[in-house]
K.L.:
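Mind looking over this structure? Questions follow.
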Protein chains: 2
Amino acid sequence: MKISTRTRYGLRLLIYLAGSEADRLVQVKEIAKHENIPAKYLEQIIRPLKKAGMLKVVRGAKGGYFMERAPESISVKEVFDVLENSTHLIDCLKDGNFCEGKESCSTFDFWDNFNKVINDYLEGVTLADILKMQREKCKKLMFYI
Amino acid sequence: MKISTRTRYGLRLLIYLAGSEADRLVQVKEIAKHENIPAKYLEQIIRPLKKAGMLKVVRGAKGGYFMERAPESISVKEVFDVLENSTHLIDCLKDGNFCEGKESCSTFDFWDNFNKVINDYLEGVTLADILKMQREKCKKLMFYI
DNA sequence: GCTAATATATACTGATTTTATCTATAAGCA
DNA sequence: TGCTTATAGATAAAATCAGTATATATTAGC
């Protein structure tokens, strides 16, 4: 039960973008450098996020990305749905998935419930929440230094 | 974020065993047949569960497995710890794991919290709970038929 | 038209998971 | 004792997937 690097990178990328000045165009290269992530991999990750309408792009020279929606309105669940290739803990939970045992399977209801617990949590956390956590942590750090 | 087949099989195997008469020796072959799981794979799964003290074995002819501990006392979290090779959502959460970014990483606290939510849930569900759910489902099914 | 940026597809590599195979060991039983 | 039925354990094979890299196309600024 691991979170893919794809989703982890994607979340950091979003937090970085959400934390930048609102009117600035941020290039993949810059994020890659700051977050220490392979740039080409980031490009593959950022595109589905754009397609999902979370951010927008200006192509060509001096171009870059910027947030389209407010960080308060984007839940981590949404990010998972876009990036994590299997949002479902087990295949049986997929909509319309055929599973002969569903009705008799001893563990189906448990997995179903577990899945709900996870999704409820992820729906309850927004990018803004994470940004806030991060900023508070920074303040504390500065205080110690 | 997928649950490994190993853990899923293991849980079903435990539920099957916990649901059998207490004094009966159950053979891997029987579980494999009933649950439609490759027998040799089950053997690999059942051993660590035995090592963890959840069940015991009588070797040789007419041998088999039986539950050592009460299903009420075994949480799903324990099963995960034994079977799921990565209990941590991300490597950074491992004890003693070195991560340069830990203090400054924008998402570390979020993952840490998410991990806790999951573990709390898994600790709160026991094999007996799942067994009960299953039996109630059976009753309902019988009612409709 | 040159340069800087993203868009897209694809291929390579390595790790991991699932399954299968083979041999060893233990215990019941004639 | 020797045959049979179990698990024990190591290891190999197959399949899948994640992560990365490469190559080419497209878009826009200057």
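A, B, ... follow the sequence lines: proteins, then strands. Residue 1 opens every chain. This structure is a prediction, so every number in the text was calculated from the model and none was measured.
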K.L.:
Nearest 0.5 Å please: distance from the CZ atom of B:Phe80 over to the CD atom of B:Glu123.
P.N.:
12.0 Å
K.L.:
Whole Å only: how far is the CD atom of B:Glu43 from the C1' atom of D:dT5?
P.N.:
12 Å
K.L.:
It should be established whether B:Ser4 places a side-chain nitrogen or oxygen under 4.0 Å from OP1 or OP2 of nucleotide C:dT17.
P.N.:
no
K.L.:
At 4.0 Å (heavy atoms only), tell me whether A:Lys56 reaches a base, stays on the sugar-phosphate, or touches nothing.
P.N.:
nothing
K.L.:
Atom NZ of B:Lys51 to atom C1' of D:dA8: distance rounded to whole Å?
P.N.:
10 Å
K.L.:
Less than 4.5 Å apart, any side-chain heavy atom of A:Arg47 and any of A:Leu49?
P.N.:
no
K.L.:
For A:Lys40, give me all partners under salt bridge (Lys or Arg N to Asp or Glu O under 4.0 Å), at least two apart in sequence or on another chain.
P.N.:
A:Glu43
K.L.:
What I'd like to find out is whether the side chain of A:Glu30 reaches to under 4.5 Å of the side chain of A:Tyr16, using heavy atoms alone.
P.N.:
yes
K.L.:
Would you call B:Glu84 and B:Lys2 a salt bridge, using N to O less than 4.0 angstrom?
P.N.:
no
K.L.:
Base contacts versus sugar-phosphate-only contacts with protein, heavy atoms under 4.0 Å: please encode nucleotides 24-30 of chain D as B, S and - from 5' to 3'.
P.N.:
--BBBS-
K.L.:
Check the distance between C:dA15's C1' and A:Lys2's NZ and give it to me in whole angstrom.
P.N.:
11 Å
K.L.:
Quick one: is C:dT17 close enough that its OP1 or OP2 comes under 4.0 Å of any side-chain N or O from B:Arg6?
P.N.:
no
K.L.:
Are OP1 or OP2 of C:dT18 and a side-chain N or O of B:Tyr41 less than 4.0 angstrom apart?
P.N.:
yes
K.L.:
It should be established whether B:Asn85 places a side-chain nitrogen or oxygen under 4.0 Å from OP1 or OP2 of nucleotide C:dT16.
P.N.:
no
K.L.:
Between B:Phe110 and A:Val125, is any pair of side-chain heavy atoms under 4.5 Å apart?
P.N.:
yes
